Number of protein chains: 2
Amino acid sequence: MSITSDLLRGHTDTIILKHLLKNDSYGYEINKSIQEKTQGRYELKEATLYSAFRRLEETGLISSYWGDETTGARRRYYTITGSGKSVYSKNLTDWNEAKEIIDELIKEECK
Amino acid sequence: MSITSDLLRGHTDTIILKHLLKNDSYGYEINKSIQEKTQGRYELKEATLYSAFRRLEETGLISSYWGDETTGARRRYYTITGSGKSVYSKNLTDWNEAKEIIDELIKEECK
DNA sequence: CCTAGATACCTTGACAGACACAGTATAACG
DNA sequence: CGTTATACTGTGTCTGTCAAGGTATCTAGG
């Protein structure tokens, strides 16, 4: 991973929720998708990913079911809930605000 | 604080380093400055701030000295080191990259 | 047939940053 | 003389991330 994980910290849940907006998905696929989108600059570590699933399910933002694959490894699919969708929206808003604040606080003034 | 602290996590050091670029400063002043700049939307908790100072000093990014105030509470002033300046620059670069990655990963596609 | 690699998931334990809470001390103001 | 503002410090806790290990299935190559 090329960028420090602390900068991504706190975004894991939002990243997952975003991936589930379009359609149900499962851990491995979400992670592959993240790697492709970022050209390998970022990947969720498995432990991080699956512990995020647990957290999100416990707080009711996603729900899950086992896929009915007759072949290959089993997959646990996740669905975003209504509450998950509104948390996603709020996180997007928060992120836009945070971005501004951080920029303001760390950018060098030119004078 | 209006935004969740996890979004700011990892930026504390950079925020402090940035404040020390212009001139030496001390904890209380830095925090006041942050609150003013963000119109109270963000403040570093004292424990966070002072433990960051300790961390930064241990890793040689800043150095410190006691002010010679003859009146009022004592102040510990901090100075950014050369190494601190280059870490600051790197953090700025990292942040710009992280911003793009996060945006790409959490923004809803319109189709 | 056997093995390596890709797919897919899970658990445990440790770490580090942020914070709540508590404490210390000085000066100004009514 | 008590409150508020200034200014710093220490202890202990919480939470997200990750390293490291494990399980199981399918595919392709030798």
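So that the names make sense, note that chain A is the first sequence line, chain B the second, and so on, each numbered from 1. As the structure is a computational prediction, the values presented were derived from the model and not from experiment.
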Tell me if a side-chain donor or acceptor on [X] pairs with a main-chain N or O of [Y] at a distance below 3.5 Å.
{"X": "Glu43(B)", "Y": "Ile34(B)", "answer": "no"}
{"X": "Tyr88(B)", "Y": "Ile106(A)", "answer": "yes"}
{"X": "Thr81(B)", "Y": "Leu61(B)", "answer": "yes"}

For [N] and [X] - does any side-chain N or O of the residue sit under 4.0 Å from the phosphate oxygens OP1/OP2?
{"X": "Thr48(B)", "N": "dG17(C)", "value": "no"}
{"X": "Arg54(A)", "N": "dT11(C)", "value": "yes"}
{"X": "Arg74(A)", "N": "dT23(D)", "value": "no"}

Name the closest nucleotide to the [X] side chain, picking from [options].
{"X": "Ala73(A)", "options": "dA18(C), dT7(C), dT9(D)", "value": "dT7(C)"}
{"X": "Asp6(A)", "options": "dC19(C), dG17(C), dC8(D)", "value": "dG17(C)"}
{"X": "Trp66(B)", "options": "dC10(C), dT17(D), dC8(D)", "value": "dC8(D)"}
{"X": "Tyr50(A)", "options": "dT9(D), dA16(C), dC9(C)", "value": "dC9(C)"}
{"X": "Arg55(A)", "options": "dA18(C), dG16(D), dC9(C)", "value": "dG16(D)"}
{"X": "Ala47(B)", "options": "dC21(C), dC10(C), dA19(D)", "value": "dC21(C)"}

Within residues 27-36 of chain A, those residues having any heavy atom closer than 4.0 Å to DNA chain C are Gly27(A), Tyr28(A), Lys32(A)

In residues 12-19 of chain B, which ones come under 4.0 Å of DNA chain C, going by heavy atoms? Thr12(B)

In whole angstrom, what separates [X]'s [atom1] from [N]'s [atom2]?
{"X": "Lys45(B)", "N": "dC8(D)", "atom1": "NZ", "atom2": "P", "answer": "18 Å"}
{"X": "Tyr26(B)", "N": "dA25(C)", "atom1": "OH", "atom2": "C1'", "answer": "16 Å"}
{"X": "Arg9(A)", "N": "dC19(C)", "atom1": "CZ", "atom2": "P", "answer": "11 Å"}
{"X": "Tyr42(A)", "N": "dT17(D)", "atom1": "OH", "atom2": "P", "answer": "7 Å"}
{"X": "Arg75(A)", "N": "dA6(C)", "atom1": "CZ", "atom2": "C1'", "answer": "12 Å"}
{"X": "Leu7(B)", "N": "dT17(D)", "atom1": "CG", "atom2": "P", "answer": "11 Å"}
{"X": "Leu44(B)", "N": "dG17(C)", "atom1": "CG", "atom2": "C1'", "answer": "12 Å"}
{"X": "Phe53(B)", "N": "dG10(D)", "atom1": "CZ", "atom2": "P", "answer": "14 Å"}

Under 4.5 Å between any side-chain heavy atoms of Leu7(A) and His11(B), yes or no? yes

Hey, could you give me the CZ/OH distance between Arg76(A) and Tyr26(A), rounded to the nearest 0.5 Å? 15.0 Å

Glu29(B)/Arg75(B) salt bridge by N-O under 4.0 Å criterion: no

Please step through side-chain contact (heavy atoms from CB on, under 4.5 Å) for the pair Gln35(A) and Lys37(A), ending with a clear verdict. CA-CA 6 Å; Gln35(A) 287 174 50; Lys37(A) 274 195 188 159; over 6 Å; no

Ring geometry between Tyr77(B) and Tyr65(B) (parallel below 30°, tilted from 30 to 60°, perpendicular above 60°): parallel

Using the six-membered ring wherever Trp is involved, compare the ring planes of Phe53(A) and Tyr78(A) and label them parallel, tilted or perpendicular (cut-offs 30° and 60°). parallel

Can you tell me whether the side chain of Glu46(B) and the base of dC19(C) have a donor-acceptor pair closer than 3.5 Å? no

Sole residue of Thr14(B), Asp13(B), Asn96(B) in side-chain hydrogen bond (donor to acceptor under 3.5 Å, both in side chains) with Asn91(B): Thr14(B)

